[in-house]
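Here is how names work: the chains are called A, B, and so on, in the same order as the sequence lines, proteins then strands, and each is numbered from 1. All values below come from the heavy atoms of this structure, side chains included, with hydrogens, waters and symmetry mates left out. Every value quoted in this text rests on a predicted model; they were computed, and no experiment measured them.
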Protein chains: 2
Amino acid sequence: MKSEKEIFDNYLIKKNLRETPQRGLILDTFLKHEEHISAEQLYDIVKKRDPSLGQATVYRVLKLIVEAGLAREVDLGDGVMRYEHNYNHPHHDHLVCRGCGKTIGVFDSVIEELQKRVAESYGFELTDHEMYLYGFCENCRKRKQ
Amino acid sequence: MKSEKEIFDNYLIKKNLRETPQRGLILDTFLKHEEHISAEQLYDIVKKRDPSLGQATVYRVLKLIVEAGLAREVDLGDGVMRYEHNYNHPHHDHLVCRGCGKTIGVFDSVIEELQKRVAESYGFELTDHEMYLYGFCENCRKRKQ
DNA sequence: ATTGCAAATGATAATCATTATCATTATTAT
DNA sequence: ATAATAATGATAATGATTATCATTTGCAAT
């Protein structure tokens with residue numbers, strides 16, 4: 001099993017792109033962060049190690065990380081794209097609390113199967129999907145009472 | 001069964017807001033349009049009837065229409081919010097073609113039930129959800145070959 | 001090593017949908 | 001009528017992301 005670093009480097013080689021300190025730092029920082037993260041949050045962390053690093057580079061490298069298959073985009077609908085691990089972190093959907101914003105990754109193989117069937121019933125070949133379940137977590141429900 | 005117009009007017013009254021020609025025109029235009037529509041598209045149509053109408057008003061009225069329960073927002077992830085009917089047009093999810101952009105409203109009661117169960121298994125009370133199924137429609141698949 | 005070329009970076013401007021502001025106009029209640 | 005309040009339209013502001021571009025860096029071939 002290849003490491004994320006190897007996969008990224010292979011991707012760079014395949015695309016005739018270069019391995020640079022900035023790319024290394026941004027990838028490492030992303031990998032260390034287990035929860036999903038926005039470009040700005042990542043920039044804030046990375047800046048501490050290399051204050052000269054520009055935020056445009058964070059956006060650019062994040063895109064490369066996605067293309068290399070190491071991250072996937074999460075759009076929670078608040079105008080800020082977030083990125084989460086996509087390697088050794090199998091596909092899952094999101095349960096989001098409307099109270100405190102807490103998000104939990106969830107997976108239901110039956111739902112996944114039914115999605116495929118629904119798509120096929122309309123002649124579609126399903127490639128991917130997004131599912132966001134919104135509600136109130138236990139804590140927030142208690143707090144409301 | 002109340003008409004959409006009545007529901008909107010009742011909402012305005014309840015909120016101490018006024019019935020205006022602009023609000024009437026924008027609501028009518030939205031109601032006539034069966035497919036989902038963006039603020040800009042709606043503005044383009046409405047402008048033909050009343051060229052003096054400003055696009056800020058379209059955004060404002062669209063928000064009122066949503067609040068009145070007559071429309072719901074559809075976020076297809078391309079940075080443009082779209083609005084679709086929410087009265088006599090029961091909840092459905094979306095099947096979107098990655099080739100031509102065609103979207104189809106779909107509904108599967110089993111999926112809906114499973115979503116509720118997944119949420120509950122994490123202590124969440126589900127309020128709503130979004131599900132977008134992406135793939136390639138029959139036409140686009142044929143074209144690719 | 002040195003030169004030349006392609007890619008990468010950082011700073012900053014541009015983009016684009018949406019929201020806020022604010023002066024003007026319209027509507028309602030008194 | 002008239003004061004009070006809301007609505008409108010024009011325009012500026014916002015904020016995340018992308019494009020631009022001058023400068024820097026890394027690599028290849030001589």
Side-chain angles (χ1 to χ4, degrees), chain A residues 8-30 36-68 71-84, chain B residues 8-30 36-68 71-84:
Chain A
F8 191 64
D9 290 349
N10 287 343
Y11 179 77
L12 293 180
I13 291 165
K14 200 180 69 182
K15 291 278 182 176
N16 285 317
L17 303 174
R18 293 171 186 161
E19 210 181 318
T20 67
Q22 290 92 337
R23 286 177 177 164
L25 175 58
I26 292 168
L27 176 65
D28 283 350
T29 308
F30 170 73
H36 55 60
I37 190 170
S38 66
E40 202 192 348
Q41 289 175 312
L42 190 53
Y43 175 56
D44 287 342
I45 299 173
V46 145
K47 223 173 18 182
K48 290 174 189 161
R49 289 272 183 116
D50 179 357
S52 71
L53 203 150
Q55 68 177 339
T57 301
V58 174
Y59 279 96
R60 285 188 282 238
V61 177
L62 229 18
K63 190 171 286 182
L64 290 177
I65 294 173
V66 170
E67 287 167 13
R72 55 178 168 255
E73 299 185 322
V74 184
D75 180 1
L76 298 179
D78 62 354
V80 184
M81 193 59 81
R82 297 192 174 74
Y83 298 84
E84 65 180 15
Chain B
F8 190 64
D9 290 350
N10 287 343
Y11 179 77
L12 294 179
I13 290 166
K14 198 179 72 183
K15 290 279 183 175
N16 284 318
L17 302 173
R18 295 171 185 162
E19 210 182 316
T20 67
Q22 289 91 338
R23 285 177 177 163
L25 175 58
I26 292 168
L27 176 64
D28 284 351
T29 309
F30 170 72
H36 55 61
I37 189 170
S38 67
E40 202 192 347
Q41 289 175 312
L42 190 53
Y43 174 57
D44 286 342
I45 299 173
V46 144
K47 223 173 15 182
K48 290 175 190 161
R49 289 270 183 118
D50 180 358
S52 71
L53 203 150
Q55 69 177 338
T57 301
V58 174
Y59 279 97
R60 285 188 281 240
V61 176
L62 229 19
K63 191 171 284 181
L64 290 177
I65 294 173
V66 170
E67 288 166 13
R72 54 177 169 256
E73 299 185 322
V74 183
D75 180 2
L76 298 178
D78 63 354
V80 183
M81 193 61 79
R82 298 195 174 73
Y83 298 86
E84 66 181 13

Original post:
In whole angstrom, what separates A/R18's CZ from D/dA28's P?
Top reply: 9 Å
**OP:** Nearest whole angstrom, please: distance from the P of D/dA6 to the CG of B/L64.
**Re:** 14 Å
Subject >> Sugar-phosphate only, base, or nothing, as touched by B/R60 at under 4.0 Å among non-hydrogen atoms >> reply: base
Subject >> B/I13 CD1 to C/dT27 P, straight-line distance once rounded to whole Å >> reply: 16 Å
Original post:
Rounded to the nearest Å, what distance is computed from the CD1 atom of residue A/I26 to the C1' atom of nucleotide C/dA8?
Top reply: 11 Å
Original post:
Closest nucleotide of DNA chain C for A/G54 versus for A/N16: which of these residues is on the 5' side?
Top reply: A/N16
Original post:
Choosing from D/dA16, C/dT18, C/dA26, which nucleotide comes nearest the side chain of A/Y59?
Top reply: D/dA16
**OP:** Using a 4.5 Å cut-off on heavy atoms from C-beta on, say whether the side chain of A/F8 contacts that of A/L64.
**Re:** yes
Original post:
Is the phosphate of D/dT8, meaning OP1 or OP2, less than 4.0 Å from a side-chain N or O of B/R23?
Top reply: yes
Original post:
Side-chain N or O of A/Q22 less than 4.0 angstrom from OP1 or OP2 on C/dG10?
Top reply: yes
**OP:** Examine C/dT27: is either OP1 or OP2 under 4.0 Å from a nitrogen or oxygen in the side chain of B/T20? Give yes or no.
**Re:** no
**OP:** Just compare D/dC27, D/dA7, D/dA16 and give me whichever is closest to any side-chain atom of A/E40.
**Re:** D/dA16
Original post:
Whole Å only: how far is the CG atom of A/D50 from the P atom of D/dT25?
Top reply: 12 Å
**OP:** Return the 5'-most residue of the pair B/S38, B/E19 with respect to DNA chain C, ranking by each residue's nearest nucleotide.
**Re:** B/S38
**OP:** Return the value, rounded to whole Å, for the distance between atom CD of B/Q55 and atom C1' of D/dA10.
**Re:** 10 Å
Original post:
Does a nitrogen or oxygen in the side chain of A/T57 sit under 4.0 Å from OP1 or OP2 of C/dG10?
Top reply: yes
Original post:
Of the nucleotides C/dT18, D/dG9, D/dA16, which one has an atom closest to the side chain of A/V80?
Top reply: D/dA16
Subject >> Whole-Å distance separating the CE atom of B/M81 from the P atom of C/dC16 >> reply: 19 Å
Original post:
If you draw a 6.0 Å radius around NZ in A/K47, do more than 12 non-hydrogen atoms from other residues or ligands fall strictly inside?
Top reply: yes
Original post:
Does some side-chain heavy atom of B/D75 sit less than 4.5 Å from a side-chain heavy atom of A/D75?
Top reply: yes
Subject >> Out of D/dC27, C/dT19, C/dT18, whichever nucleotide has its closest atom nearest the side chain of B/K63 >> reply: C/dT19
Subject >> Inter-residue atom distance B/L17.CG - B/R60.CZ, 0.5 Å rounding >> reply: 12.5 Å
Original post:
For DNA chain D, whose closest nucleotide is more 5', that of A/D78 or that of B/L17?
Top reply: B/L17
**OP:** May I have the distance from B/Y43 (atom OH) to C/dA17 (atom P), rounded to whole angstrom?
**Re:** 13 Å
**OP:** Please examine the side chains of A/V61 and A/L42, heavy atoms only from C-beta on, and report whether any two atoms are closer than 4.5 Å.
**Re:** no
